[in-house]
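Numbers here are sequence positions counted from 1. Values in this document were obtained by computation on a predicted structure and should not be read as measured data.
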Amino acid sequence: MAAVSDRLPAFPWDKLEPYKKTAAAHPDGIVDLSVGTPVDPVPLLVRQALIDAADSPGYPTVWGTKELRDAITGWLRGRLGASAAEHRNVLPVVGSKELVAWLPTQLGLGAGDKVAYPRLAYPTYEVGARLCGAEAVVYDDPTELDPAGVRLLWLNSPSNPTGKVLDKDELVRIVAWAREHGILLFSDECYLELGWEAEPVSVLHDDVCGGSYEGIVAVHSLSKRSNLAGYRAAFVAGDAEVLGELLEIRKHGGMMTPAPVQAATVAALGDDLHVAEQRGRYAARRAALRAALEAHGFRVEHSEASLYLWVTRDEPCWDTVAHLADLGILVAPGDFYGEAGARFVRVAFTATDERVEAAVKRLG
């Protein structure tokens, strides 16, 4: 029973529990800036679409409805500049995390194969490699990797946790390198619509991939842009051959996005107003927290996009976590994302306006 779980690292968030208790003991309550879960309302038109599709007694399809595929391909063309996107280039998934965790297994990777991802990264890339028995390798620049044995290369722009953005020229160079060496490239772009000091670009953009999706796939989620983390609404797009293989596997596994969620996704992808409104909320929270953290002695690095500020006081990250917990503020230690984050913390600006205001006052 423990054979598979024994391959996995300790679940990092459990280590934060004592600091959460400390922060919760603050007279004015905890300000939780750790996980980065959305707290704002689900847009009304999305909720209405879910309600309207609630009478869905039959099984949904893994590939999704035609309306869903139309909505995804339309968004890819209009938002990402992926002019060649067709139905065969898209596949709905049940939230992006399950895709990241199980992708190496579904691709048939195992012992002797390598899965590469950034040195500072979302922990689930490593989990995916461990689940299938592949070797996890980290990089600063993927083109400096020894390509031998690398079967899957993860990009993440904008980055979680750092908010760093890979510009178009960097993406062109990396895509060319991966294709030269026959390495499948998956780009996690879940924060693409949350650029602040940079304009994130997709690997599917015509200027990056040359209008061909050979060997590349992008991962997108509605959790952050549309406050749909609770809906598990996400999709992958790109190489039709790769997605066709995943579709066959996922059909056997019954990995179906619920029909009402498919309808809600159509509504969310068809509306830009709620995205702009949510960006406005996050922009205001980001500005307030950044100013307060810098005034408190923190240095912000990268953070040009995403929902996080990557900050340091040039001390061990757990000392910073403890210091902020004493102020009633909970943040994520940087070493959750790799040893290179050992002197940083990740500060999410997904709390309510009232809680952000409380954090600003405490930092002052």
Side-chain angles (χ1 to χ4, degrees), residues 9 12 35-36 80 93 95-104 107 114-130 134 136-145 150-175 177-178 183-205 208-209 215-225 229 234-239 301-310 332 334-341 344 346-348 350:
V35 177
L80 300 191
V93 295
S96 59
K97 184 170 185 175
E98 67 89 353
L99 183 281
V100 173
W102 292 107
L103 178 66
L107 292 173
K114 296 177 182 177
V115 175
Y117 53 87
R119 188 174 303 279
L120 278 168
Y122 183 47
T124 312
Y125 304 135
E126 178 187 0
V127 167
R130 290 192 182 210
V137 296
V138 298
Y139 65 78
D140 296 305
D141 178 342
T143 66
E144 296 177 356
L145 287 167
V150 179
R151 299 283 305 283
L152 174 62
L153 171 65
W154 279 108
L155 297 185
N156 180 208
S157 175
S159 163
N160 174 15
T162 69
K164 182 180 179 181
V165 173
L166 298 175
D167 66 29
K168 187 182 293 184
D169 290 343
E170 289 178 287
L171 292 174
V172 169
R173 178 175 60 85
I174 294 167
V175 167
W177 180 85
I183 296 170
L184 179 60
L185 186 157
F186 264 68
S187 180
D188 182 348
E189 302 175 351
C190 290
Y191 296 92
L192 185 133
E193 297 213 74
L194 294 163
W196 310 111
E197 296 163 10
E199 184 60 42
V201 180
S202 173
V203 293
L204 301 183
H205 192 289
V208 173
C209 67
I216 59 173
V217 178
V219 182
H220 284 272
S221 167
L222 281 76
S223 293
K224 314 300 185 183
R225 74 184 291 278
F235 58 89
V236 288
D239 190 313
E301 291 197 0
H302 298 302
S303 306
E304 57 257 34
S306 83
L307 288 178
Y308 312 107
L309 293 169
W310 185 241
D335 64 5
F336 276 12
Y337 309 95
E339 293 179 5
F344 287 81
R346 193 194 75 172
V347 183
T350 52

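- Not less than 6.0 angstrom separates the ring centroid of F344 from the ring centroid of Y337.
- Looking at heavy atoms from C-beta onward, T124 lies out of side-chain contact with W102 at the 4.5 angstrom threshold.
- L145 and W177 get closest at one heavy-atom pair: O-CZ2, 3.7 Å.
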Go through it in stages, so that I can follow the logic: the residues are T143 and R173, the test is side-chain contact (heavy atoms from CB on, under 4.5 Å), and I'd like the CA-CA distance, side-chain angles, deciding distance and then a yes or no. CA-CA 8 Å; T143 66; R173 178 175 60 85; 2.8 Å; yes
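- In terms of heavy atoms, A234 sits closest to S221 at CB-CA, 4.0 Å.
- In this structure, CG in L184 is found 9.0 Å from CG in L153, a value given to the nearest 0.5 Å.
- Taking the side-chain contact (heavy atoms from CB on, under 4.5 Å) definition, one finds that E197 meets it with R286, R290, E304, sequence neighbours left out.
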Can you check side-chain contact (heavy atoms from CB on, under 4.5 Å) on Y308 and V347, steps first, answer last? CA-CA 5 Å; Y308 312 107; V347 183; over 6 Å; no
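- From Y191, atom OH reaches atom CZ of R225 across 14.5 Å, with rounding to the nearest 0.5 Å.
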Take K168 and H205 through the side-chain contact (heavy atoms from CB on, under 4.5 Å) test and state the conclusion after the steps. CA-CA 9 Å; K168 187 182 293 184; H205 192 289; 4.2 Å; yes
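- In this structure a side-chain-to-backbone donor-acceptor pair under 3.5 Å is present from D167 to E170.
- Judged purely by atom type and a 3.5 angstrom limit, W310 has no side-chain atom pairing as donor or acceptor with the backbone of G163.
- For R346 (side chain) and V35 (main-chain N/O), a donor-acceptor pair under 3.5 Å exists by modelled atom type.
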After noting the C-alpha distance and the side-chain angles of L307 and K224, does the key distance pass the side-chain contact (heavy atoms from CB on, under 4.5 Å) rule? CA-CA 8 Å; L307 288 178; K224 314 300 185 183; 3.7 Å; yes
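- In this structure, SG on C190 lies 8.0 Å from CG on N156, to the nearest 0.5 angstrom.
- P200 approaches V165 most closely through the heavy-atom pair CA-CG1, 3.9 Å.
- Of the inter-residue distances, the one linking L204 atom CG with L192 atom CG reads 10.0 Å to the nearest 0.5 angstrom.
- Side-chain N/O atoms of Y139 and R119 include no donor and acceptor closer than 3.5 Å.
- In the model, Y125 has a side-chain atom that pairs as donor or acceptor with a side-chain atom of D188 under 3.5 Å.
- For the pair P161 and A121, the tightest heavy-atom approach, listed with the atom from each and the gap, is CD-N, 4.0 Å.
- When every heavy atom of V172 is checked against every heavy atom of V208, the shortest pair comes out as CG2-CA, 3.7 Å.
- Looking at L166, L80, L155, I174 one by one, the single match for side chain to side chain contact (heavy atoms under 4.5 Å, CB included) with V203 turns out to be L155.
- Within the 4.5 Å cutoff, the side chain of V93 has heavy atoms near those of the E98 side chain.
- The structure places CG of L185 at 11.0 Å from CG of D239, a figure rounded to the nearest 0.5 Å.
- Taken to the nearest 0.5 Å, the OG atom of S303 stands 5.0 Å off from the CG atom of L309.
- Nearest approach of G338 to L120, heavy atoms of both residues: O-CD2, 4.2 Å.
- Other residues, nucleotides and ligands place no more than 12 heavy atoms under 6.0 Å from the NZ atom of K164.
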